[in-house]
Amino acid sequence: MSDAATSPADTAAPVQPAAGSGPPQNSPVTARAVAAGLVLSVMLCAMNSYLTLSFGVIEEGPTIAALVFFAFFFWTTTKITVGEMVVVSTMGSAGGSFGFIANFYAAKSMTGAPYTFWQMVAFGLVSSLVGMVMVVPLRRMLILRDTLPWPGSKAVQSVITALVEHGDPKQPKYLLVTFLSMVIVVIGNDDQGFAWWPAEIPIAGLTAWGASIAWSSPFSVGGSYLMGLRTCVGFLFGAIALMALGMTGVAPEADAPHHYYWPGLGFLVASGLTSIVLNGKTMIEALRSLMSLGESGAGDDDPMLSSKATAIFGVVTVVAGTAVLVTVFDLSLVLVVILIAIGGLVQNVIATRAAAQTAFNPARVMGILLQGLCAAFGGSAAAMNLAGAGFVAGSGAQAGLLTGDLVYGRWLKVPSRYQFWTQILTIVPAVLVSAWVFQHIDTPGALSLTGGHHAAPVAKMWAQSALMFEKGMAALPAGALTWLLIGAAVGVAYTLAERVPALVKVLPDSIGVGLGMVLSVSTGITFFLGGVLMWIVLPKLFKTGETTLTTIAVGSIVAEGIGGVLKPALIGIGLIPAH
């Protein structure tokens with residue numbers, strides 16, 4: 001899950017890759033796997049484009065894709081194979097991860113005229129293709145040469161193995177019932193829905209500060225399970241901090257204190273930077289891997305591409321990407337070269353290695369650092385700044401996720417070229433869907449630096465950073481810098497405290513606290529209650545197993561994303577009255 005804490009599988013005992021590495025087995029790519037993968041990649045891209053702007057966190061998609069594919073084809077007479085599951089998971093991951101780029105589109109809309117449909121398409125194509133080029137060195141450095149734990153890949157491998165070898169016929173039923181019921185809950189509420197029931201239930205005595213339970217937000221339930229109870233407690237602490245800002249008058253809008261997101265922004269950025277420093281050894285090893293790139297491809301028993309094909313693909317992609325960024329987005333040639341060579345490769349190595357070795361992925365924080373890099377080399381204007389940083393962030397999302405996908409594919413002995421080319425197939429449809437969905441999300445009043453219907457915490461960080469690089473501190477409202485620094489100081493101290501073994505057991509997770517301070521109070525409270533339901537009530541009181549809990553979580557997440565995308569579509573065709 002992007003910009004979130006570890007999933008249940010991450011915190012469990014490590015799953016050793018039973019299949020090991022070595023030459024792959026002959027696992028043919030089937031037509032149904034490719035077709036299902038394309039459909040799921042588009043669905044997950046649309047879903048995550050909505051979720052990332054509503055909550056700031058997403059589940060990229062490999063586990064969701066695997067479970068949905070299993071549920072749909074479990075009833076057929078043709079046995080589901082490991083190779084099919086890996087291909088479908090990889091394609092779902094490609095589409096799901098691309099949904100994150102909606103934050104860049106939103107940031108541009110918040111700071112000026114939004115991009116046109118075809119500008120978004122051009123941007124998405126070149127950033128994704130450059131990301132695919134980056135996979136080649138990442139694979140050589142971090143998979144072939146290094147032995148890393150890859151907790152996310154282990155989680156996906158364990159799900160695929162469990163479904164193929166020990167498939168539970170009840171899970172498809174649970175998934176269907178959860179999904180359909182939760183979609184009805186989402187589109188039936190009064191938050192741009194049919195208004196059959198309220199979206200939130202106010203908490204008596206605290207409504208003046210925005211306290212309520214967003215009971216019709218199933219993502220809060222599903223996401224709470226994948227993020228873990230400690231992160232959910234962090235959401236509650238963030239919500240309490242927001243209410244305190246409203247009660248003391250710091251937040252100008254007491255009933256919506258999350259609109260004053262400066263303390264939370266400072267907390268998140270400082271916490272992320274502190275984590276980078278504390279994981280300095282990991283970062284240094286990543287740079288060392290980069291320095292020894294030439295040695296790492298030796299003895300490749302499963303090449304994705306031949307050396308000649310890799311060179312041709314790389315040159316064509318980089319030249320095309322450079323041409324688009326220079327002609328369409330007005331970036332200088334020098335800046336583009338720096339972004340691809342330094343920002344792209346170095347940032348991708350550091351972020352991907354961090355995700356492979358620890359529970360921390362510095363993608364959000366490094367995006368802001370890349371904005372500083374853009375400004376330092378002539379890209380201080382907000383539009384140029386966002387184009388440069390967004391390009392690297394977009395390519396990094398594809399590169400990092402596919403590299404992780406290649407890990408479980410290798411463990412399960414599926415040829416790497418199958419995963420590489422099937423991800424390539426998802427790029428065009430995902431890019432088109434992402435641009436189309438964003439245009440339907442970006443309605444008047446939906447996205448704004450202050451307020452807005454969607455919280456869009458990551459987009460607001462990028463947008464505000466771009467304005468600061470363009471206009472200086474004058475871009476900040478009165479008092480914002482003070483509270484930005486206060487939040488940053490608390491974020492540094494909190495992250496340092498989490499490193500103390502005796503304290504980490506009792507402290508809520510810093511990511512949950514930070515996100516809880518930039519989302520609404522109701523979201524923070526609901527995530528906490530979702531965590532109590534999924535981690536305490538269902539497993540302990542009702543003895544619900546992990547597989548069923550995962551199914552419920554996946555069904556809930558997909559329902560929120562699809563339901564959220566359906567709302568503007570239903571409004572557009574007149575089935576839901578415009579509110």
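As the structure is a computational prediction, the values presented were derived from the model and not from experiment.
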In Å and rounded to the nearest 0.5 Å, what is the CD1 to OH distance from Ile552 to Tyr174? 8.5 Å
Counting N and O atoms only, with roles assigned by atom type, does the side chain of Thr548 sit under 3.5 Å from a partner on the main chain of Thr544, one being a donor and the other an acceptor? no
Side chains of Gln423 and Thr90: closer than 4.5 Å at any heavy-atom pair? yes
Donor-acceptor contact below 3.5 Å, side chain Ser271 vs main chain Leu268: no
Hey, could you give me the CG/OG1 distance between Leu67 and Thr63, rounded to the nearest 0.5 Å? 8.5 Å
Glu498: salt bridge (Lys or Arg N to Asp or Glu O under 4.0 Å) partners, not counting sequence neighbours: Arg230
Can any side-chain N or O of Asn48 pair as donor or acceptor with the backbone N or O of Gly96 at less than 3.5 Å? yes
What's the verdict on side chain to side chain contact (heavy atoms under 4.5 Å, CB included) for Val521 and Trp209, showing C-alpha distance, side-chain angles and the deciding distance? CA-CA 8 Å; Val521 172; Trp209 297 282; 6.0 Å; no
Separation between CZ (Phe528) and CD1 (Ile240), nearest 0.5 Å, reads 8.5 Å
Check: Ala446 main-chain N/O paired with Thr443 side-chain donor or acceptor under 3.5 Å: no
Quick one: does Thr248's side chain have a donor or acceptor within less than 3.5 Å of a partner on Ala244's backbone? yes
Would a 4.5 Å heavy-atom cut-off, applied to side chains only, mark Ser434 and Tyr105 as touching? yes
Looking only at non-hydrogen atoms, find the nearest pair between Val250 and Tyr260 and report the distance. CG1-CE2, 4.0 Å
Beyond-backbone contact of Pro218 with Val186, side-chain heavy atoms, under 4.5 angstrom: yes
Which heavy atom in Ala94 sits nearest to a heavy atom in Thr426, and how many Å separate them? CB-OG1, 3.3 Å
Just verifying a value: how many Å separate Phe267 CZ and Leu484 CG, rounded to the nearest 0.5 Å? 13.0 Å
Flag side-chain contact, heavy atom, 4.5 Å: Ile525 against Ser212: no
Least distance between heavy atoms, Leu449 atom then Ala463 atom: CD2-CB, 3.9 Å
Is it true that a side-chain atom of Trp535 and a backbone atom of Ser224 form a donor plus acceptor pair closer than 3.5 Å? yes
Is the backbone N or O of Pro198 less than 3.5 Å from a side-chain atom of Trp215, with the two atoms forming a donor-acceptor pair by type? yes
If you count the non-hydrogen atoms of other residues, nucleotides and ligands that lie under 6.0 Å from CZ in Phe237, is the total more than 12? no
Rounded distance (nearest 0.5 Å) linking atom CZ of Phe194 with atom CD1 of Ile184: 10.5 Å
Nearest non-hydrogen partners of Ala102 and Thr52, listed with the distance: CB-CG2, 4.1 Å
I'd like to know whether Met517 forms a side chain to side chain contact (heavy atoms under 4.5 Å, CB included) with His258, so could you lay out the CA-CA distance, the side-chain angles of the two residues, the decisive distance to 0.1 Å, and finally the verdict. CA-CA 6 Å; Met517 292 178 67; His258 60 286; over 6 Å; no
Using atom types as modelled and distance alone, determine if a side-chain donor or acceptor of Ser41 lies under 3.5 Å from a backbone N or O of Gly37. yes
Walk me through it: do Leu412 and Thr161 pass the test side chain to side chain contact (heavy atoms under 4.5 Å, CB included)? CA-CA 9 Å; Leu412 295 170; Thr161 302; 4.0 Å; yes
Report yes or no: does Lys543 contribute a side-chain atom to a donor-acceptor pair with the main-chain N or O of Lys540 at less than 3.5 Å? yes
Quick one: are Phe438 and Ser49 in side-chain contact, heavy atoms under 4.5 Å? no
Is Gln464 close to Tyr261 at the side-chain level, that is, under 4.5 Å between some pair of heavy atoms? yes
Please tell me if the side chains of Phe69 and Glu84 come closer than 4.5 Å, counting only heavy atoms from C-beta onward. yes
Do His453 and Gln192 have side-chain N/O donor and acceptor atoms under 3.5 Å apart? yes
Main-chain N/O of Ile562 paired with Lys567 side-chain donor or acceptor, under 3.5 Å: no
Go through it in stages, so that I can follow the logic: the residues are Glu200 and Thr526, the test is side chain to side chain contact (heavy atoms under 4.5 Å, CB included), and I'd like the CA-CA distance, side-chain angles, deciding distance and then a yes or no. CA-CA 10 Å; Glu200 299 183 357; Thr526 308; over 6 Å; no
Under 3.5 Å, is there a donor-acceptor pair between the Gln171 and Thr547 side chains? no
Check: Phe235 and Pro508 side chains under 4.5 Å, non-hydrogen atoms: no
So which heavy atom on Asp509 is nearest to which on Ile511, and how close? OD2-N, 3.0 Å
Neighbour count above 12 (heavy atom, 6.0 Å) for Phe74 CZ: yes
Quick check for you: to the nearest 0.5 Å, what is the distance between Gln419 atom CD and Leu406 atom CG? 5.0 Å
For Leu549 and Pro539, which heavy atoms make the closest approach, and how far apart are they? CD1-CB, 4.0 Å
Could you pull out all residues at least two apart from Ser54 that satisfy side chain to side chain donor-acceptor pair (under 3.5 Å)? His454
